[in-house]
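Indexing begins at 1, ligand by ligand and atom by atom, following the structure's order.
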Amino acid sequence: MRREKIKSVTILSIESSCDDTSAAVIRDGKLMSNVIASQKIHEEYGGVVPELASRAHQQNILPVVDTALKRAGVERTELSAIAFTRGPGLLGSLLVGTSFAKGLAIALDIPLVEVNHLQGHIMAHFLEPSEEYLETTPSLKGIEIHHPNYPFLCLLVSGGNSQIVKVEAYDKMTILGQTIDDAAGEAFDKCAKVLGLPYPGGPWIDRLSKEGDAKKYPLAKPNIAGYDYSFSGLKTSFLYTIRDMMRAEGVSTVAELKEKVPNLTEDLCASLQQTIIDILLSKLKKAAKEERITEVAIAGGVSANSGLREALTDYGRRYKWKVYIPPFSFTTDNAAMIGQAGYYKYFDGDFCAIDAVPYAKTRI
Ligand code: KG4
């Protein structure tokens, strides 16, 4: 293993846990590039098809890594280590990133650093984009990134997870509560599918909610002890609300119902979104109060939701929290966040064996 005196540390990171192939370069703590190839193929199936996802990763990984290195202005021989997402995620998808990372690490004779995908989402709050990256990323123009102080609470909400995590250090995270069934993102996506919206439905519901009345359709909220969440009952409540309206209107499809009830889609979207936000934030409020923590962050794909961002900011004002909301580009799956976690692990000498295999399920 190459272990000369460290002058400059350059980490290439790879993320392939679901349907985004991503590679990023972090040099001396600064994000130099972050390339994401999203897979459109799943749209026509209304959800991620694992086999198609892993095939698309195989096609994307080489150009994505190549582009990330070029944009960063970094040669392969300058890399200090390769960080990769080991899990949780889709096994076939993870295998592509893991195998690629291992092959490159062997070829370059540099260490491999495994990163937990969920930990990565939280570490997105510590990214420091370089001047060059900021200049070439219009979505980050004028955005100031503030890093939370430890300990902080992080509401981690994505397509596969809904958790409240107490973060005391990059490697000391405790799950205070989590979903006992579906994730919040899944509730967004599945309900959107019922309404005939494209996949992924979360961003569509977000957009349509702006034109709807959030009080129009009261939906069921779960009654779960502690800090845990549940979203399966909400999905059923959403479905039954539509079914009952279809019966009342004497129609047999959602499309026909939409013709009969003005603003139906928008009002249902707004009602659903508000219910999900209420469920998420009520438990977060309880955790912040009982843990006496006032630094509060959100992370994961659902943290892109504009209603959730506004509501969290409002809670921050009301309960005197310091709130941390990541820029949009760092909310959904990306390799930059994996690189950030990998960068910390690199300095701790926390490398993984070359025979490491990915895992579909794991905790933080
Ligand atoms: O973190 P992520 O990219 O992938 C994983 O699940 O790991 O999260 C994807 C989820 C999807 O369920 C998607 O619908 C949701 O994030 N999402 C949103 C929004 N943008 C993405 N949900 C609500 N509002 C949004 N604006």
Engineer: So do Thr313 and Ile325 actually touch side chain to side chain, heavy atoms under 4.5 Å?
Structural biologist: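 Heavy-atom side-chain distance check passes, below 4.5 Å.
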Engineer: Cation-pi check, Arg243 to Phe238: give yes when NZ or CZ is under 6.0 Å from the six-membered ring centre and within 45° of the ring axis, no otherwise.
Structural biologist: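 No, Arg243 does not sit over the ring of Phe238.
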Engineer: What residue and atom, counting heavy atoms only, is the protein's closest point to atom 15 (C) of ligand 1, and at what distance?
Structural biologist: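 Here the closest protein heavy atom is Val302 CG2, 3.9 Å.
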Engineer: Taking only residues two or more places apart in sequence or in another chain, which ones pass salt bridge (charged side-chain N to carboxylate O under 4.0 Å, His left out) with Glu128?
Structural biologist: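 For Glu128 the salt bridge (charged side-chain N to carboxylate O under 4.0 Å, His left out) partners, ignoring immediate neighbours, are Lys30.
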Engineer: Quick check on contacts: which atoms of ligand 1 are under 4.0 angstrom from a heavy atom of Gly160?
Structural biologist: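 With Gly160 as reference, the close atoms of ligand 1 come out as 6 (O).
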Engineer: Check each atom of ligand 1 against the heavy atoms of His121 and keep those under 4.0 Å away; list them by number with element.
Structural biologist: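 Going through ligand 1 atom by atom, the ones under 4.0 Å from His121 are 1 (O).
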Engineer: Which protein non-hydrogen atom lies closest to atom 2 (P) of ligand 1, naming both residue and atom, and how far is it?
Structural biologist: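 That would be Asp333 OD1, 3.5 Å.
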Engineer: At a 4.0 Å threshold, what atoms of ligand 1 neighbour a non-hydrogen atom of Pro200?
Structural biologist: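 Near Pro200, the atoms of ligand 1 are 14 (O).
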Engineer: Closer than 4.0 Å to some heavy atom of Gly185 - which atoms of ligand 1 meet that?
Structural biologist: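 So the atoms of ligand 1 that pass are 12 (O).
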Engineer: Which atoms of ligand 1 sit under 4.0 Å from any heavy atom of Thr332?
Structural biologist: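 Listed by number with element: 3 (O).
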Engineer: Quick test of your reading of the structure: of Gly202, Gly47, Ala187, Gly89, whose heavy atom lies closest to atom 22 (N) of ligand 1?
Structural biologist: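 The option holding the nearest heavy atom is Gly202.
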Engineer: Please name the residue in the list Asp182, Asp181, Leu219 that meets the side-chain contact (heavy atoms from CB on, under 4.5 Å) test with Leu234.
Structural biologist: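 Only one of Asp182, Asp181, Leu219 forms a side-chain contact (heavy atoms from CB on, under 4.5 Å) with Leu234, namely Leu219.
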Engineer: I want to confirm something. Looking only at heavy atoms, which of Gly301, Ala304, Ala184, Pro88 is nearest to atom 8 (O) of ligand 1?
Structural biologist: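 Nearest heavy atom to atom 8 (O) of ligand 1 lies in Gly301.
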Engineer: Starting at CD1 of Ile145, measure out to CG of Leu134 and round the result to the nearest 0.5 Å.
Structural biologist: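 So the CD1 of Ile145 and the CG of Leu134 are separated by 7.0 Å.
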Engineer: Following the transitive rule for hydrophobic clusters with a side-chain heavy-atom cut-off under 4.5 Å over Ile, Leu, Val, Met, Phe, Trp and Tyr, establish whether Met173 and Val296 coincide in one cluster.
Structural biologist: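 Result: no, two separate clusters.
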Engineer: Among the clusters formed by ILVMFWY side chains lying less than 4.5 Å apart, do Tyr150 and Ile164 turn up in the same one?
Structural biologist: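 Each belongs to a different hydrophobic cluster.
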Engineer: Is there any salt bridge (Lys or Arg N to Asp or Glu O under 4.0 Å) pair reaching into residues 326-344, and which pairs are they, with sequence neighbours excluded?
Structural biologist: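 Residue pairs with at least one partner in residues 326-344: there are none.
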Engineer: Counting each atom of ligand 1 from 1 as listed, which ones have a heavy atom of Gly159 under 4.0 Å away?
Structural biologist: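 Contacts of ligand 1 toward Gly159, numbered from 1: 5 (C), 6 (O), 8 (O), 9 (C), 10 (C), 12 (O).
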Engineer: Does ligand 1 have an atom that lies less than 4.0 angstrom from a heavy atom of His117?
Structural biologist: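 Yes, that is the case, since the closest heavy atom of the residue is under 4.0 Å from the ligand.
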Engineer: Going by the closest heavy atom to atom 26 (N) of ligand 1, which one wins out of Ile205, Leu118, Asp206?
Structural biologist: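 That would be Asp206.
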Engineer: Would you kindly specify which portion of Gln273 sits under 4.0 Å from ligand 1, judged on non-hydrogen atoms: side chain, backbone, both or neither?
Structural biologist: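 Within the 4.0 Å criterion, Gln273 makes no contact with ligand 1.
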Engineer: Using the side-chain contact (heavy atoms from CB on, under 4.5 Å) definition, which of the options Leu195, Val194, Ile205 pairs with Leu272?
Structural biologist: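 The single option meeting the side-chain contact (heavy atoms from CB on, under 4.5 Å) with Leu272 is Ile205.
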Engineer: Would you say Cys18 touches ligand 1, if touching means a heavy atom closer than 4.0 Å?
Structural biologist: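 No, Cys18 has no heavy atom closer than 4.0 Å to ligand 1.
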Engineer: Grab the two heavy atoms, one from Leu31 and one from Ala24, that are nearest each other, plus how far apart they are.
Structural biologist: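 Scanning both residues completely, I find the closest heavy atoms to be CD1-CB, 4.3 Å.
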Engineer: Can you report which non-hydrogen protein atom sits closest to atom 24 (N) of ligand 1, along with the distance?
Structural biologist: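 Minimum-distance protein heavy atom for atom 24 (N) of ligand 1 reads Asn305 ND2, 3.0 Å.
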Engineer: Specify side chain, backbone, both or neither for Asp189, according to which of its non-hydrogen atoms lie closer than 4.0 Å to ligand 1.
Structural biologist: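 It is the side chain that gets close, since no backbone atom is under 4.0 Å.
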